[in-house]
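Have a look at the structure below, then the notes.
As the structure lists them, so they are numbered: ligands from 1, and atoms in each ligand from 1.
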Amino acid sequence: MAFARLSAIVALALGASQLASAATTCSTGQTTAHAACCSLFPVVDLLQKELFDGGECGEEAHSALRLSFHDAIGFSTKGGKGGGADGSILAFNKTENAFHANAGIDDITDRQFPVFVKSGLSAGDFVHLAAAVGIANCAGAPSLLFFSGRPPPVAAAPDLTVPEPTDDVTSILARFADAGFSPPEAIALLASHTIAAADQVDPSIPGTPFDSTVTTFDSQVFLEVLLKGKSFPGATGQPGEVLSPLAGEMRLQSDFRLSQDPRTACFWQAFINQQSLMTFAFKLVMAKMQLLGQDVSKLTDCSDVVPKSTAFSGPIKYPASFSQADVQQACQILPFPSLATVAGPAPTVAPVPGS
Ligand code: HEM
């Protein structure tokens, strides 16, 4: 139901953008539905070369996605907060980087700023195009929609709009609802944590991944968050962290609580080994998130400049030594998917390089 409503919203957004005429061939040789999008192809090349190490699903690609969320979520449907997906987090980085929930975001704003200046784009277009291009480097990721033409941001977003891993489920869902997202939409956005790692939750172990396949946009994180916890990846547990199933892996308290709460547990479980459903839902909700606060009728649909990722063939598997006996299943109304187990001894998850 919620996804159907979301499809309608995105369809409206698409309809409001300028109607596509015949494809234009740009001077660079690429084609796009709108001649106005031609200038973005060199920016995509610039991003790949200067930000994403030639096309990697690494630290910068992961952080670019986190940045797009921390930028957009400053919005409130009631007004009185930030401008949404407007790039304020990049343009007013001195202000927004100081917020507790944005710890470590300065790494990516510092990396993006010189490329942003070269790009000639508005800060909002740059932040949200960078997220789309970055995740296209991760196998299995959907090709995100991208609308061009956001005006420059007028002010920094206020503090306390970004959810924290120490927050309880009620406050997380309330914050998402205030920004316009339902519980299933919030869970769909958390597919992002399949290409995620923490530098700041335990600063002594930067780059600690949230799942065992951190460069693949698969549904592994939805499975591994449900597995029984055994240890902390660092010397001790930190605020916002709970015991994780695998050595070298971090499990956020917020992800675990959302996976167990009756309001969200079935949406969480429903994505396990459902690559098409998960990526479809993520793409829809990301389109909504990346347009928060924007007048879509004034934007141009330049989605065809966004590169395509390589496919993820699946199915996902239990990490070696794990099985259904280790699952903390909180949704009883859906059958739990039957999955094979990777052969061999229990793995140690390696940190993301460059963190
Ligand atoms: C309940 C909501 C959320 C909470 C509490 C949360 C919390 C966190 C935390 C604590 C980290 C680790 C930061 C660090 O220590 O370096 C993180 C990383 C990340 N988050 Fe979230 N997050 C949430 C939702 C989202 C959403 C909606 C997105 C994107 C749509 C997102 C994308 C990411 C990504 C990609 C990373 C990894 C960044 C990197 O590896 O550099 N998160 N998140």
Side-chain angles (χ1 to χ4, degrees), residues 51-52 56-74 85 89 97 99-109 111-112 127-128 130-132 134-135 137-138 141-142 144 160-177 179 181 183 185-211 214-215 217 221 225 233-234 238-242 249-259 261 264 268 278 281-290 292 351-355:
L51 194 58
F52 301 132
E56 282 184 6
C57 177
E59 156 75 3
E60 288 78 15
H62 304 167
S63 306
L65 178 57
R66 180 176 178 227
L67 189 70
S68 75
F69 172 55
H70 288 221
D71 183 48
I73 199 70
I89 200 161
N97 285 351
F99 302 159
H100 184 264
N102 287 341
I105 283 275
D106 58 325
D107 282 352
I108 189 64
T109 53
R111 288 281 279 116
Q112 286 197 356
V127 165
H128 295 285
I135 77 156
N137 295 334
C138 307
L144 296 184
L160 306 179
T161 62
V162 181
E164 299 250 29
T166 44
D167 291 345
D168 61 30
V169 171
T170 298
S171 34
I172 289 172
L173 294 181
R175 182 70 273 278
F176 273 106
F181 297 102
E185 289 174 341
I187 301 305
L189 285 176
L190 281 166
S192 55
H193 281 180
T194 186
I195 50 165
D199 293 341
Q200 299 293 328
V201 176
D202 185 340
S204 69
I205 45 166
T208 303
F210 296 166
D211 75 3
V214 71
T215 56
F217 203 100
V221 73
V225 165
Q238 302 294 325
E241 179 187 22
V242 294
E249 180 173 279
M250 177 165 293
R251 176 158 52 185
L252 292 183
Q253 176 179 288
S254 48
D255 284 349
F256 184 61
R257 285 178 167 173
L258 287 161
S259 80
D261 190 278
T264 43
W268 189 279
M278 181 189 77
F282 180 72
K283 177 171 178 159
L284 285 182
V285 191
M286 281 296 291
K288 179 173 166 178
M289 189 192 94
Q290 294 189 298
L292 284 179
V352 175
S355 298

Does a side chain donor of either T109 or N97 reach within less than 3.5 Å of an acceptor in the other side chain? yes

Does ligand 1 have a heavy atom under 4.0 Å from the side chain of V352, from its backbone, from both, or from neither? neither

Among A186, P163, A196, which one puts a heavy atom closest to atom 4 (C) of ligand 1? P163

List the steps and the verdict of salt bridge (Lys or Arg N to Asp or Glu O under 4.0 Å) for E185 and K288. CA-CA 10 Å; E185 289 174 341; K288 179 173 166 178; 3.0 Å; yes

Step-by-step side chain to side chain donor-acceptor pair (under 3.5 Å) determination, D168 to T170: CA-CA 6 Å; D168 61 30; T170 298; 4.6 Å; no

Closest non-hydrogen atom pair between V242 and L252, with its separation: CG2-O, 4.2 Å

Listed partners of R111 passing salt bridge (charged side-chain N to carboxylate O under 4.0 Å, His left out), at least two apart: E60

Purely on distance, is any nitrogen or oxygen of I195 under 3.5 Å from one on ligand 1? no

Restricting to N, O or S atoms of H193, which is nearest to atom 21 (Fe) of ligand 1? NE2

Counting from 1 in the order shown, the ligand 1 atoms closer than 4.0 Å to a non-hydrogen atom of V201 are 10 (C), 15 (O)

Would you mind telling me if ligand 1 is within reach of the side chain of S254, the backbone, both or neither, using heavy atoms under 4.0 Å? side chain

For the CZ atom of F69 and the CG atom of L190, what is their distance to the nearest 0.5 Å? 7.5 Å

Protein heavy atom at shortest distance from atom 7 (C) of ligand 1: L252 CD1, 3.7 Å

Give the residue and atom name of whichever protein heavy atom lies nearest to atom 34 (C) of ligand 1, and the separation in Å to one decimal. R66 CB, 3.6 Å

Atom 10 (C) of ligand 1: the protein heavy-atom neighbour that sits closest, reported with distance to 0.1 Å: P165 CG, 3.6 Å

Please report the closest heavy-atom contact between V214 and H62, naming both atoms and the distance. O-NE2, 3.3 Å

On a heavy-atom basis, which atom in A191 and which in M278 lie closest, and how many Å separate them? CB-CG, 3.9 Å

Decide whether D255 and H193 meet the rule of one side-chain donor and one side-chain acceptor closer than 3.5 Å. yes

Nearest to atom 15 (O) of ligand 1, what protein heavy atom do you find, and at what distance? Q200 N, 2.7 Å

Tell me, which protein residue and heavy-atom name are nearest atom 35 (C) of ligand 1, and how many Å apart are they? H62 O, 3.1 Å

Location of contacts on D199 toward ligand 1, heavy atoms closer than 4.0 Å: both

On a heavy-atom basis, which atom in F52 and which in A130 lie closest, and how many Å separate them? CZ-O, 3.4 Å

Atoms of ligand 1 under 4.0 Å from any heavy atom of L190, numbered from 1 in the order shown, are 23 (C), 24 (C), 25 (C)

Can you find an N/O atom of A197 closer than 3.5 Å to an N/O atom of ligand 1? yes

Closest heavy-atom pair, I135 versus A141, reported as atoms and distance to 0.1 Å, is O-CB, 3.1 Å

So which heavy atom on A64 is nearest to which on I108, and how close? N-CG1, 4.1 Å

I'd like the name of whichever of F282, F176, F69, F210 reaches closest to atom 25 (C) of ligand 1 through any heavy atom. F69

Protein contact of atom 31 (C) of ligand 1 - nearest heavy atom, named by residue and atom, plus distance: S192 OG, 3.2 Å

Does ligand 1 come near enough to S63 that some N or O of the ligand is less than 3.5 Å from an N or O of the residue? yes

Protein heavy atom at shortest distance from atom 1 (C) of ligand 1: I172 CG2, 3.7 Å

Report, in ascending order of atom number, the atoms of ligand 1 lying under 4.0 Å from any heavy atom of A198. 12 (C), 14 (C), 15 (O), 16 (O)

